[in-house]
Amino acid sequence: MSNHVRVRYAPSPTGDPHVGNIRTALFNWLYARHTGGAFILRIEDTDQARATPGALEAIYESLRWLGLAWDEGPDKGGPHAPYVQSQRLPLYHQAAERLLDQSTAYHCYCTPAELEAMRRRQQEAKQPPRYDRRCRQLSEKESKARLAAGLPRVVRFKTPLEGPPVVVHDLVRGEVAFEVSVLDDFVLLKSDGFPTYHLANVVDDHTMYVTHVLRAEEWLPSTPRHLLLYQALSYDPPLLGHLPIILGPDRSKLSKRHGATSLLEYRQEGILPDAMFNFLALLGWSLDEKTEIISRSDLVRHFSLERIVKSAAIFNGEKLLWMNGMYLRQLPPDELARHVLAALEDANGLPPSVTRPLDSKYVEAIIPLVRDRLKTLKVDEVRDLCSFFFLEPPHYDVLPPAPKGMEKAAARRALEATLGALEPLAPFTPSALEGVLRPLAERLSVKTGELFGAIRLAVTGRAAAPPLFDTLAVLGRERVLARLRHVLSLLG
RNA sequence: GCCCCCAUCGUCUAGAGGCCCAGGACGGCGGCCCUUCAAGCCGCAAGCAGGGGUUCGAAUCCCCUUGGGGGCACCA
């Protein structure tokens with residue numbers, strides 16, 4: 001089924017890609033893999049002012065983390081290299097020359113200050129801000145003179161003053177028509193010699209043989225310009241599809257101010273890439289009326305443009321957390337153990353007093369006890385959940401550690417009896433522990449819950465912990481007895 | 001101010017005229033399980049923005065209103 005689908009993800013290196021941005025990359029990737037086509041990475045760095053150091057690396061890192069491998073790109077090369085716009089300047093200049101020659105473009109000498117003043121006037125008069133085309137009327141002599149004088153200039157597109165509406169045949173929205181009268185003469189080449197997005201994007205999609213442009217909805221309003229440009233350059237336009245955008249909780253376009261929006265921050269927050277992948281795929285697309293957890297391969301198999309939703313979606317972090325928990329629980333235990341171990345050994349994990357490296361066998365043993373309780377792999381969360389397995393003594397919120405509703409004396413009696421019962425216990429296993437502790441509660445005539453609660457608090461330092469017998473068994477006799485003695489001394 | 005897009009539970013969505021007094025999921029609430037906390041299981045509350053048409057029949061088609069969003073740079 002391999003036709004010649006070629007799609008691209010074309011970010012500009014201005015910072016860490018945020019989740020909305022990456023969702024666009026994901027849909028492109030899915031479509032490429034679904035059709036057996038190519039997924040191209042192209043860097044749109046035509047604005048020198050906004051270039052951000054490290055941004056390129058962040059783009060690579062984001063795509064790699066999510067597992068979106070590209071077939072052609074700056075680092076990989078490909079048949080249409082280079083894949084960085086700042087290295088393709090001659091191409092844009094050629095195109096601009098052609099347009100100038102055929103008189104579908106012209107030089108404009110208006111200064112930024114003039115344009116700014118023009119816009120302000122229009123705004124005040126409640127007019128749409130648009131370039132008034134004053135340089136379009138320049139006589140040839142005048143134009144030549146200014147050119148010779150070396151005045152700063154830009155190249156603008158000569159948008160038809162009238163004519164039929166430009167209609168976009170959008171893959172997700174159907175036909176969208178724009179009157180040419182609402183379009184102005186946009187800039188193609190900036191005074192610094194760099195192209196604008198409009199020019200670069202059209203030239204590159206054409207020269208790179210891109211067949212489908214799947215980009216965010218915010219581009220829809222400038223699409224008629226691109227179509228006009230394709231026409232003027234006699235290029236066949238690619239198929240276009242505008243994807244719904246992702247909104248922040250306040251319903252505005254996702255931006256820095258919405259907390260964790262950078263994809264890589266979610267890695268920091270302990271989100272699994274597979275969970276993020278699944279979650280993002282379902283933000284604006286669905287398989288059917290019920291599927292939530294779906295594998296990468298099924299996604300590739302079933303992805304389709306037809307099932308892309310038209311309306312914008314709000315990023316729902318709660319659901320992502322739930323989904324992450326699902327993926328965490330599906331992880332093979334040894335893999336989960338590696339993640340947990342890494343978090344615990346992190347500088348913000350266990351305190352330095354706990355010797356490293358940690359015993360990986362011990363970590364593996366605690367996995368069954370914590371896997372249902374983890375929502376993320378965030379260092380803080382893992383540490384909070386697991387630290388009592390390692391700290392000697394564990395942290396007690398209040399001293400002495402007596403469960404609320406239980407007299408100190410009663411607690412001491414219960415723990416003394418427990419100590420006595422556990423000291424000689426032969427196999428220190430969950431069932432053996434249960435075998436002595438249940439009868440012990442009866443012998444002390446306290447409720448089992450009460451006794452277990454007291455032991456739990458003494459041994460783990462908390463009121464809520466994994467099942468007691470399993471926990472005791474994993475901790476092992478030495479630790480358990482030492483902790484009991486320690487607490488008894490505090491209660492004594 | 002002008003242009004464009006969108007509109008089903010709080011959120012993500014299913015629904016392409018009768019299968020829908022609208023299905024799933026997250027979250028919320030309640031219960032079961034139970035030594036606590038989770039996980040798991042069961043249940044409940046919660047929605048077709050409003051108004052006109054079209055039709056035997058409308059969440060689904062058309063129009064208007066309203067609401068939300070996006071765009072209008074020598075940024076992408």
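Excluded from the calculations below are hydrogen atoms, water molecules and symmetry mates; all remaining heavy atoms, backbone and side chain alike, are included. Order of the sequence lines sets the chain letters (A, B, ...), proteins ahead of strands, with each chain counted from 1.
A salt bridge links D274(A) and R296(A); the closest N-O separation between the charged side-chain nitrogens and carboxylate oxygens is under 4.0 Å. Salt bridge R134(A)/D132(A): present, at least one basic N to carboxylate O contact under 4.0 Å.
Nucleotides C9(B) and G15(B) have their C1' atoms positioned 14 Å apart, rounded to a whole Å. Nucleotides U55(B) and A49(B) have their P atoms positioned 23 Å apart, rounded to a whole Å. Spacing of P atoms, G70(B) relative to G43(B), comes out at 40 Å, to the nearest Å. For the P atom pair drawn from A14(B) and A7(B), the interatomic distance equals 10 Å after rounding to whole Å. Distance noted for atom C1' between G52(B) and C2(B): 28 Å (whole Å). Nucleotides A59(B) and G50(B) have their P atoms positioned 11 Å apart, rounded to a whole Å. Straight-line distance between the P atoms of A39(B) and C62(B): roughly 44 Å, to the nearest whole Å. On the P atoms, A38(B) is 29 Å away from G23(B), given to the nearest whole Å.
In a base pair of the Watson-Crick type (N1 to N3 plus N6-O4 or O6-N4) or a G-U wobble (N1-O2 and O6-N3), with each distance short of 3.5 Å, A16(B) is matched with no nucleotide. Summarising the base pairing, C2(B) is matched to G71(B) through a Watson-Crick or G-U wobble pair whose two defining distances lie under 3.5 Å. Using Watson-Crick or G-U wobble geometry with both donor-acceptor distances under 3.5 Å, A38(B) finds no partner in any strand shown. Using N1 to N3 plus N6-O4 or O6-N4 for Watson-Crick, or N1-O2 and O6-N3 for G-U wobble, each under 3.5 Å, A45(B) pairs with nothing. Base pairing of U66(B): its partner is A7(B), meeting the Watson-Crick or G-U wobble criterion (both donor-acceptor distances under 3.5 Å).
No side-chain N or O of T376(A) forms a donor-acceptor pair with one of N324(A) less than 3.5 Å apart. Checking Q85(A) against D204(A) by side-chain atom types alone, a donor-acceptor pair falls below 3.5 Å. If you check the side chains of H395(A) and D397(A), you find a donor sitting under 3.5 Å from an acceptor. Side-chain contact, T223(A) with R215(A): a donor N or O sits under 3.5 Å from an acceptor N or O.
Separating the CE atom of M323(A) from the C1' atom of A25(B) is a distance of 8 Å, rounded to the nearest angstrom. In this structure, L320(A) atom CG and G27(B) atom P are separated by 12 Å, rounded to whole Å. One atom, CZ of F279(A), and another, C1' of C26(B), lie 9 Å apart when rounded to the nearest Å. Protein atom CD of E217(A) is 12 Å distant from nucleotide atom P of G69(B), rounded to whole Å. Distance L247(A) CG to A7(B) P: 14 Å, rounded to the nearest Å. Here the C1' atom of nucleotide C4(B) and the CD atom of E175(A) are 15 Å apart, to the nearest Å. Rounded to an integer number of Å, the gap from I293(A) CD1 to C26(B) C1' is 11 Å. Computed from coordinates, the I245(A) CD1 to C4(B) C1' distance equals 12 Å when rounded to whole Å.
Within the 3.5 Å criterion, the main-chain N or O of Q122(A) finds no donor-acceptor partner in the side chain of R130(A).
Contacts of residues 461-470 of chain A with RNA chain B (heavy atom under 4.0 Å): A463(A), A464(A), A465(A), P466(A), P467(A), L468(A), F469(A).
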Every protein N/O within reach of nucleotides 12-16 of chain B N/O, cut-off under 3.5 Å:
unit_1 : atom_1 : unit_2  : atom_2 : d
C12(B) : OP1    : I314(A) : N      : 3.0
C12(B) : O2'    : L282(A) : O      : 3.2
C12(B) : O2     : K319(A) : NZ     : 3.4
U13(B) : OP1    : G284(A) : N      : 2.8
A14(B) : OP1    : S286(A) : OG     : 3.3
A14(B) : O3'    : R307(A) : NH2    : 3.4
G15(B) : OP1    : R307(A) : NH1    : 3.1

Might you list the N or O atoms of the protein lying below 3.5 Å from N or O atoms in nucleotides 73-76 of chain B, with each pair's distance?
unit_1 : atom_1 : unit_2  : atom_2 : d
C74(B) : OP2    : R156(A) : NH2    : 3.4
C74(B) : O2     : S191(A) : N      : 2.7
C74(B) : O2     : S191(A) : OG     : 2.6
C74(B) : N3     : S191(A) : OG     : 3.0
C74(B) : N4     : C110(A) : O      : 3.1
C75(B) : OP2    : K190(A) : NZ     : 2.9
C75(B) : O2'    : D47(A)  : OD2    : 3.0
C75(B) : O2'    : R50(A)  : NE     : 3.0
C75(B) : O2'    : R50(A)  : NH2    : 3.1
A76(B) : OP1    : T46(A)  : OG1    : 2.7
A76(B) : OP1    : K190(A) : NZ     : 2.5
A76(B) : OP2    : Y197(A) : N      : 3.2
A76(B) : O4'    : R50(A)  : NH2    : 3.3
A76(B) : O3'    : E44(A)  : OE1    : 3.1
A76(B) : O2'    : S12(A)  : OG     : 3.0

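Within 4.0 Å (heavy atoms only), M326(A) reaches sugar-phosphate atoms of the nucleic acid but no base atom. As judged by a 4.0 angstrom heavy-atom cut-off over every strand, S252(A) is placed among residues touching the sugar-phosphate backbone only.
The two residues A463(A) and L457(A) have their closest heavy-atom pair at N-CD1, 4.1 Å.
The number of heavy-atom neighbours closer than 6.0 Å to CD of E335(A), taken from other residues, nucleotides and ligands shown, is above 12. Within 6.0 Å of the CD atom in Q123(A), the count of heavy atoms belonging to other residues, nucleotides or ligands exceeds 12.
W70(A) and Y60(A) have parallel rings, their planes meeting at less than 30° on a 0 to 90° scale where 60° marks the start of perpendicular.
Cation-pi contact between R156(A) and Y131(A): present, with separation from the ring centre below 6.0 Å and deviation from the ring axis of at most 45°. At least one test fails for R225(A) against the ring of F157(A): distance under 6.0 Å to the centre or angle within 45° of the axis.
Nearest-nucleotide positions on RNA chain B for F452(A) and K375(A) put F452(A) closer to the 5' end.
The base of C37(B) sits with one of its N or O atoms less than 3.5 Å from a complementary donor or acceptor on the side chain of R373(A).
With distances taken from any side-chain atom of F178(A) to the nucleotides G71(B), C4(B), G27(B), the minimum falls on C4(B).
Taking the ring centroids of Y92(A) and F194(A), they lie at or beyond the 6.0 Å cut-off.
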